[in-house]
Number of protein chains: 4
Amino acid sequence: MAIADRRGREKEQRRNTIIDAAEKLFFSRGFDNVSMEDIAKEVELGKGTLYLYFKSKDSLFFAIIFRRWMDLGESITEKVSHGKTGLEKVQIMIRSLIEYARENADYTDMFTTFWPQISLRMGEEDAQTMRETAMKYMPRVHNDVVEGIEDGSVRNDLDPRLLGIYVEMITFYIITPNPSAKCSFEAQGISYDTYVEMLPQFLCPAVARYSKKECGGQDQ
Amino acid sequence: MAIADRRGREKEQRRNTIIDAAEKLFFSRGFDNVSMEDIAKEVELGKGTLYLYFKSKDSLFFAIIFRRWMDLGESITEKVSHGKTGLEKVQIMIRSLIEYARENADYTDMFTTFWPQISLRMGEEDAQTMRETAMKYMPRVHNDVVEGIEDGSVRNDLDPRLLGIYVEMITFYIITPNPSAKCSFEAQGISYDTYVEMLPQFLCPAVARYSKKECGGQDQ
Amino acid sequence: MAIADRRGREKEQRRNTIIDAAEKLFFSRGFDNVSMEDIAKEVELGKGTLYLYFKSKDSLFFAIIFRRWMDLGESITEKVSHGKTGLEKVQIMIRSLIEYARENADYTDMFTTFWPQISLRMGEEDAQTMRETAMKYMPRVHNDVVEGIEDGSVRNDLDPRLLGIYVEMITFYIITPNPSAKCSFEAQGISYDTYVEMLPQFLCPAVARYSKKECGGQDQ
Amino acid sequence: MAIADRRGREKEQRRNTIIDAAEKLFFSRGFDNVSMEDIAKEVELGKGTLYLYFKSKDSLFFAIIFRRWMDLGESITEKVSHGKTGLEKVQIMIRSLIEYARENADYTDMFTTFWPQISLRMGEEDAQTMRETAMKYMPRVHNDVVEGIEDGSVRNDLDPRLLGIYVEMITFYIITPNPSAKCSFEAQGISYDTYVEMLPQFLCPAVARYSKKECGGQDQ
DNA sequence: CATGAATGAGGTTTCATTCAT
DNA sequence: GATGAATGAAACCTCATTCAT
């Protein structure tokens, strides 16, 4: 059993080493400009070895996305737990996402650029993994929103599931604008920094029950 | 001059014919699974001829995106003009975008899937065209927001440019979720229809000055 | 010695188990579409273990062919012994081959399809085995023919070795037509069944001394 | 029209040049040991160009086989026409096949070695071509046999289609033994030359009506 | 004896783009 | 202007075999 254990750990370790290398290369050159050969050389393994750990190049990409996603999920869960009211928790979530996006700009860029296309070709196995993980993290936002409705900090005229989804998706998409979208606001003289930093303030009234009070009063 | 005119018109017509064909094929099979050969056959032209009208495959894709974008821009501008207050105009814009996305699902799907990647490779010429068009349509939202601030229907604690951008981008991204995002809400039992239809209600308080009044009162 | 014996028997048994599995897989999917991995999984052994029993994939294929060949040889030898005259023995051989081919269609198909190519790459060891076995079975046909010449039932104007070879090879090739050859006669409305069943009647005059008498008289 | 004609001729010519080169390489190194790259280099064309003329490597192989097959068919048809009786025509056919096989040993070797396998993977287009050609040449043997039955030179107790097929297929397979089959007779001291030269004499009684007379009397 | 992780060569095919006619 | 033949780079993935454990 000890042996099987070590085997398992070694396998997991090597898998991670490969993901590390692939991540590095994908970040710097983009999915299409990195070949499996390149990745193999980076980790100093044979090309075929990569296929012992990942079914395909797409699947390796998925693993990268997935690892960060889990990481992000854990991190948010932890941070959110410090919020007092439901609204506060939602706001922490938004800020955490923003923070994460800024600290992992290369990741989010790659995600927005390639994920839409690659996710289309996703194999059934990966799709299953994805669904399961989605199931795992979804309840968190939902609970926060419900909590907020109950404690009176969050608006109560929308389906809590929907409210949660909106907040999460909007934040995620806003913080990862695709290159041509970035143009739009930069052409108007608004920096990416301002653009993301103001988001919580913008969204607050759409979430809070009494925006005056909860959001610090919007009138000026 | 008359001859040059006719020439110009004919050229423009043929260009559009090509865009039509490419659009049809890209919609049904995706960007990568359609070759220039396929498109040439569809329009009954030689492969080389396509290159008389478009510098590259990417550029042809850009032309498709661009044509619809202009179309959408014109359509919204017209509809928005019927709004009374600034807030009403913004709301009309949101609803128009939603309506457009639902009527052109194949287009928006293709846009979200391939545009992020292709826009990265965009040539300078197309990039310029894009910037200019962005410049052309941006003032509209901005003006609506400013109008709303002035007539007291829109919140006044945010840079009007930023507010406009948020509303536009959020709406656009929300109505065109990528496949894996779609999973998220469908897994929670929320249909795409509900998901887009409730968006105006969700966003309203984030835009309106006095949400109680402007958005029909959110408490229930 | 008893231990060595058991070892030997066990080894032989395992070898056969592997051949069984490989046969099954090769029959259903063809040589190229079956990997050593597949075979290993089928017998529930490690991939490396296969190489303890067979030098190479080709060699394993050879073993399959060889085992059936021996089996066929034994079976024919036994059946032929019941023939009275030389001609009768030759005829029994022909019919036995036909019968065998029909009962082992998957084997003969695989043989005609892959053997030509694989036999080219045959290692010296296997080639030697093959030669020795050929040596073992060849005399049988030869003897039958000679017996027939002596008892006056078989034609005497041809080298008996040649006659034996012709009959054996013709029968074997005719009963295992390659797919494109099968087309030929099926296109003319002749079924495989008819095609093989009539062969003895066709060949008889080429073997018998007085075809009128021996072959039942060919005129009608 | 003249231009289209020239285009057509040039295309045909180039196609043949490619077949020539491929044939040469396949003959000397075998199908598997020749890459499309090798062939492209041999004809001094780009690799992709080959695919303008042949759908796949298999299809190019098919074209080689096919060209020779047509050639053989024409040649036999011509020669056979000089025969007087039906039996004579059949005999000419047999001898022509033998002659052809000896003059094109490299071709027949390659045919027997690789065709069985490649024909399995044959695309529908090629399969269709093959069926049509088979249809074209089949009637010839059949007619010869029928003629022989009518003029009393060929046995009349077998379906003439079957008789024709037997003769053709047997001859073809006998003259193109696979390597391991060759072993069999060489091990018994019979040369390939003797082996093929005696075939007509062996087969004659199986075809002729009165073998004594027609085949020169078989008793010695 | 048994294993299975690691290897890495190897080849087909596709397709955007060019350019001579 | 229109054509379509020619190009050739580029990359994925498979799998027989080896060898350390």
Side-chain angles (χ1 to χ4, degrees), chain A residues 3 6-7 10-11 14 31-41 43-60, chain B residues 7 10-11 14 31-41 43-61 121, chain C residues 7 10-11 14 31-41 43-61 121, chain D residues 3 6-7 10-11 14 31-41 43-60:
Chain A
I3 288 179
R6 207 201 49 201
R7 279 264 168 88
E10 275 173 2
K11 181 140 189 161
R14 175 144 294 183
F31 184 79
D32 294 321
N33 296 316
V34 174
S35 69
M36 288 301 263
E37 180 100 45
D38 293 333
I39 298 169
K41 268 183 195 140
V43 266
E44 294 177 309
L45 283 174
K47 211 189 323 182
T49 310
L50 302 187
Y51 286 88
L52 292 177
Y53 293 88
F54 303 95
K55 219 205 288 274
S56 66
K57 194 187 176 189
D58 279 355
S59 194
L60 170 51
Chain B
R7 284 262 171 86
E10 276 172 1
K11 178 140 189 163
R14 175 150 292 186
F31 184 78
D32 293 323
N33 297 317
V34 173
S35 67
M36 289 302 265
E37 180 98 44
D38 293 332
I39 298 169
K41 265 183 196 142
V43 267
E44 294 177 310
L45 282 174
K47 213 187 325 182
T49 312
L50 301 186
Y51 286 86
L52 295 175
Y53 294 88
F54 303 94
K55 216 204 295 262
S56 67
K57 193 187 178 189
D58 278 356
S59 191
L60 169 53
F61 184 85
R121 308 183 301 229
Chain C
R7 283 264 171 85
E10 275 173 2
K11 178 143 188 161
R14 176 151 290 186
F31 185 78
D32 293 322
N33 297 317
V34 173
S35 67
M36 290 300 265
E37 179 97 46
D38 293 332
I39 298 169
K41 266 184 196 141
V43 267
E44 294 176 311
L45 282 175
K47 214 187 322 182
T49 311
L50 302 186
Y51 286 86
L52 296 175
Y53 294 87
F54 303 94
K55 214 205 295 262
S56 66
K57 194 185 177 190
D58 280 355
S59 192
L60 169 53
F61 185 85
R121 308 183 300 231
Chain D
I3 287 179
R6 209 201 46 199
R7 282 264 168 87
E10 274 173 2
K11 181 141 189 162
R14 175 145 293 184
F31 184 79
D32 293 321
N33 297 316
V34 174
S35 69
M36 289 300 263
E37 179 100 45
D38 292 334
I39 298 169
K41 267 182 196 142
V43 266
E44 293 177 309
L45 283 174
K47 213 187 321 183
T49 310
L50 302 186
Y51 286 86
L52 292 177
Y53 293 88
F54 303 94
K55 219 204 291 270
S56 65
K57 194 186 176 190
D58 279 357
S59 193
L60 170 52

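Just so we're on the same page: letters track the sequence lines, and every chain starts at 1.
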Subject >> C/R14 vs E/dA2: side-chain N/O to OP1/OP2 distance below 4.0 Å >> reply: yes

**OP:** Check the distance between E/dT7's C1' and A/K41's NZ and give it to me in whole angstrom.
**Re:** 14 Å

Original post:
In Å and rounded to the nearest 0.5 Å, what is the CZ to CG distance from D/F31 to D/L60?
Top reply: 8.0 Å

Subject >> Greater than 12 external heavy atoms within 6.0 Å of C/E44's CD >> reply: no

Subject >> 5′-ward residue of the pair A/L45/C/L50 relative to DNA chain E >> reply: C/L50

Original post:
Can you find a pair of side-chain heavy atoms, one from C/N33 and one from C/D38, that are under 4.5 Å apart?
Top reply: no

Original post:
For DNA chain F, what string of dots and brackets results from 5' to 3' when Watson-Crick and G-U pairs need both distances under 3.5 Å, crossing pairs get [ ], and pairs with another strand get |?
Top reply: .||||||||||||||||||||

Original post:
Measuring from C/S59:OG to C/Y51:OH, what's the distance to the nearest 0.5 Å?
Top reply: 10.5 Å

**OP:** Using whole Å, report how far CZ of A/F54 lies from P of F/dT14.
**Re:** 15 Å

Subject >> C/T49 side, atom OG1; C/K47 side, atom NZ - distance, nearest 0.5 Å >> reply: 11.0 Å

Original post:
Just by protein heavy atoms under 4.0 Å, how would nucleotides 11-19 of chain E read 5' to 3' in B, S and -?
Top reply: -BBB-SBB-

Original post:
Which part of the nucleic acid, if any, lies within contact of D/Y53, taking any heavy atom under 4.0 Å across all strands shown: a base, the sugar-phosphate backbone alone, or nothing?
Top reply: sugar-phosphate

Original post:
Looking only at heavy atoms, which two atoms of D/D32 and C/R121 are closest? And how far apart?
Top reply: OD2-NH1, 4.5 Å

**OP:** Indicate, with a heavy-atom threshold strictly under 4.0 Å, whether B/K11 touches base, sugar-phosphate, or nothing.
**Re:** sugar-phosphate

Subject >> Reported CZ-to-CG distance for the pair B/R14 and B/L45, which is rounded to 0.5 angstrom >> reply: 5.0 Å

Original post:
Starting at CD1 of A/I39 and ending at P of E/dA6, how long is that distance when rounded to a whole Å?
Top reply: 16 Å

